[in-house]
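The next block holds one structure in the form of structure tokens; read it before the comments.
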Amino acid sequence: MKKVIMGNHAVSYGVKASEAKVISAYPITPQTHVVELLSEMCANGEIDAEFIKVESEHSAMAACVGASAAGSRAFTATSSQGLLLMHEMLHWAVGARLPIVLANINRAVGPPWSIWTDQNDSLSQRDVGWLQIYVESNQETQDTIPQAFKIAEELQMPVMIVMDAFFLSHTYEIVDLFDKEQVRKFLPPYEPEIKIDVNDPHSFGNLAGPDMYMELRYMIQEAMEKSIDVIKRVDREFEEIFGRKYGLVEAYRCEDAETILVTSGTVASTTRAVIDEMRDEGIKIGALKIRVFRPFPFEEVFEVLSKTEKVAVIDRNISFGGHGIFFQEIKSALYGRTDVPITGYIAGLGGRDITPEVIREIADKALTDKKPERYINWIGVKR
Amino acid sequence: MKQASIPMEEYMGSGHLACQGCGATQAMRFALKALGPQTALVIPACCWAVIDGSFPHSCIQQPIFHTAFETAAVVASGIKAGLKMRGDTETTVMAWAGDGGTFDIGLQALSGAAERNDDIIYVCYDNEAYMNTGIQRSSSTPVGAWTTTTPVTSYKTRPKKNMIDIMAAHAIPYIATASTAYPHDFMRKVAKAKEIKGTKYIQIFAPCPTGWKLSPELSVKMARLAVTSKVYPIVEITENGQKLDVWKDFEPTSVRDYMKPQGRFRHLTDAELEGIEKEVEANWQRLLAKEKLLGSIPGLG
């Protein structure tokens, strides 16, 4: 069934179709619609789930940790400061190998207070061990939720779905809503091998000395590396049932491109429009969208970017004292294997609009700059 | 104090990593005997995070989920919900935390769970300081006590936080204090809590010989003297926080007899001890007055 819904509600419908059994959340703008609709669905019996209305985001993730350890599919959603407050429990979910799914609506971090989008909240969580998938449309948002549960449960790793505040969360688009039975074929009920069960007792997460701790970390990295193939396969299985696929990255008009702009999130759609315009002008330019950020798809990125002459990365984030975070990752994907020059552009922080003009400005800079003088170029800063 | 028989079954094995005379270890053994095998535990950062044993060993026969310091109550809520959605509504979920994880860092999550009245038993084993990290003061540390962060030249002067009143203000169905010196009473309370739906809070006085600079063989004796000197009253709060029962059926002993064997109070002068004695008596009288007041409200008690 097709329906015009907002991005936030696309998350809710995805969770409903995935038959999450425990939902726990704390409100934060711009995430609130996600859990408002879910609480309504729980209340009217549309979803058979327990909704734990906690007193903080830290507790929201802790409740999911408990529920998931007890063997139930668990979900939460948050943004910005909320995600940062969860930080400790994000680590806990990974270390305990719990397949929790979290939707984070990318919102800038204060101070100063800002409710608008940028990626510094989720990218601050880059190294905790959650898989991170950046979505671009409401359809992709809904579709990625059951994909995320499937990936998470196979790997016993938590997955974060990340979407832009307002540009997606509050924007209405047509979404082909799931048929529950079809999703059931795709995503079977969660049945963990080991869970909290008085008939098969285990001690979870107890003290591990120097003789064991490193092995447990190694297994997490192993799961991350394996996840590239799992994500690809899950995407194929999804396509077989629903006819839609998303991939790890998406290359747009890159085959013969001499310059490639790298983007993520909603900036990707604006960039495609600019690429079309520039192609009409005879400029050989393409765009690469990074959808899956953790695990980082090093090979897929290399495959596309090693064939071009110039790479420009648009980052809606900044690692203070370093560079744009996607830029860093792209650089490490190419390091030592190709000498294609890469330049980083910081734009759109705190919800500043990344318009076609902004992208054109970046593209023009990338085309004229012979070799990058700076790795970090701020676009549109009033100085 | 009503007696209960102590079941022969042991759910806590040997090989735990506790210090000699550890009250928290005694408390766990009795709690599990009272609850039986259909129990799942949540343990945050506290001595019990270590006492349980190092991976892959555990001295407990029930499932235990170890979690971060401030989350015992809410992880228990999550487990209860998760089990329920799997069709298991019978398993008792018990959060088991020290006074640091309860009075301080875990207070928010505990308050949240209590406000929602999530169906869990929360046991705080109260040894009156952060013992796992090496004896630092907590908000449960009593007036006069030495800890590594309240040296004798600057000992604790603020009163112990009144967790029982805080929990009573949440109007949860069951709150009790207990002592390792009275295992029958503690077990009866745990068993009673198991039968009640909603959030149950039990705070057990559990001596820490290491942190109190006390001879380990005096652990149980100190737990008893804390009660009989009225330093640690044994109470039960029911009727959603509206009915208070104070246990008074004991031979009173002196506060000094309780404090004297403990190195943590050794620096106190006569005048200071006198001040503490007065405060203990005042607290006791307040408690009795409250019991009487609540009992006099028609329809309650």
Side-chain angles (χ1 to χ4, degrees), chain A residues 19-24 26 48-56 58-74 76 87-89 91-93 95-96 98 100 189-192 194-213 215-216, chain B residues 11 17 35-44 48-88 90-93 95 106 108-116 118 120:
Chain A
E19 297 185 71
K21 292 294 175 194
V22 177
I23 299 161
S24 179
Y26 191 76
D48 179 27
E50 282 280 297
F51 197 126
I52 309 178
K53 287 141 192 172
V54 285
E55 81 300 333
S56 75
H58 193 280
S59 283
M61 185 47 63
C64 286
V65 160
S68 187
S72 281
R73 192 168 281 159
T76 189
H87 174 80
E88 183 196 23
M89 297 317 288
H91 276 284
W92 215 274
L98 297 170
I100 299 161
Y190 177 44
E191 267 307 329
I194 301 170
K195 58 189 171 296
I196 293 170
D197 180 356
V198 289
N199 299 314
D200 180 24
H202 294 271
S203 186
F204 300 84
N206 54 349
L207 190 67
D211 59 327
M212 281 308 298
Y213 186 84
E215 283 66 25
L216 298 168
Chain B
Y11 300 101
L17 304 178
L35 290 174
Q38 204 163 357
T39 308
L41 279 95
V42 181
I43 297 185
W48 254 103
V50 178
I51 295 170
D52 176 36
S54 168
F55 178 82
H57 305 288
S58 169
C59 67
I60 301 284
Q61 288 177 26
Q62 275 84 355
I64 297 188
F65 190 85
H66 290 267
T67 188
F69 211 165
E70 60 278 55
T71 60
V74 67
V75 169
S77 302
I79 290 173
K80 188 72 189 175
L83 291 176
K84 183 186 168 193
M85 292 313 296
R86 295 186 60 86
D88 173 3
E90 296 304 309
T91 295
T92 302
V93 181
Q108 177 182 310
L110 172 57
S111 175
E115 186 271 331
R116 292 187 301 273
D118 289 341
I120 58 170

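Lettering follows sequence order; numbering is per chain, from 1. What you see is a predicted model; the values in this text were computed from it and never measured.
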Next on the checklist: Give me the atom names and distance for the closest heavy-atom approach of A/G71 to B/R86.
Outcome noted: O-NH1, 2.9 Å

Checklist entry - Donor-acceptor pair, A/N206 side chain versus B/H57 backbone, under 3.5 Å? => result yes

Item to check | Of B/P63, B/P37, B/S58, the residue whose pairing with A/P201 passes side chain to side chain contact (heavy atoms under 4.5 Å, CB included) | outcome: B/P63

Item to check | Heavy-atom side-chain proximity of A/H58 to B/Q108 below 4.5 angstrom | outcome: no

Item to check | Under 4.5 Å from a heavy atom of chain B, the part of A/Y190 involved | outcome: backbone

Checklist entry - What part of A/S24 gets closer than 4.5 Å to chain B, counting heavy atoms only: side chain, backbone, both or neither? => result neither

Checklist outcome for this item: Among B/K80, B/Q61, B/E70, the residue with the most heavy-atom pairs under 4.5 Å to chain A is B/E70

Checklist entry - Heavy-atom distance under 4.5 Å to chain B: side chain of A/M61, backbone, both or neither? => result neither

Item to check | Heavy-atom contact with chain B under 4.5 Å, split by part of A/D211 | outcome: neither

Checklist outcome for this item: The interface call for B/T91 against chain A, heavy-atom contacts under 4.5 Å, is side chain

Checklist entry - Do A/E55 and B/E115 have side-chain heavy atoms sitting under 4.5 Å apart? => result no

Item to check | Contact origin within A/A96 toward chain B - heavy atom pairs under 4.5 Å | outcome: side chain

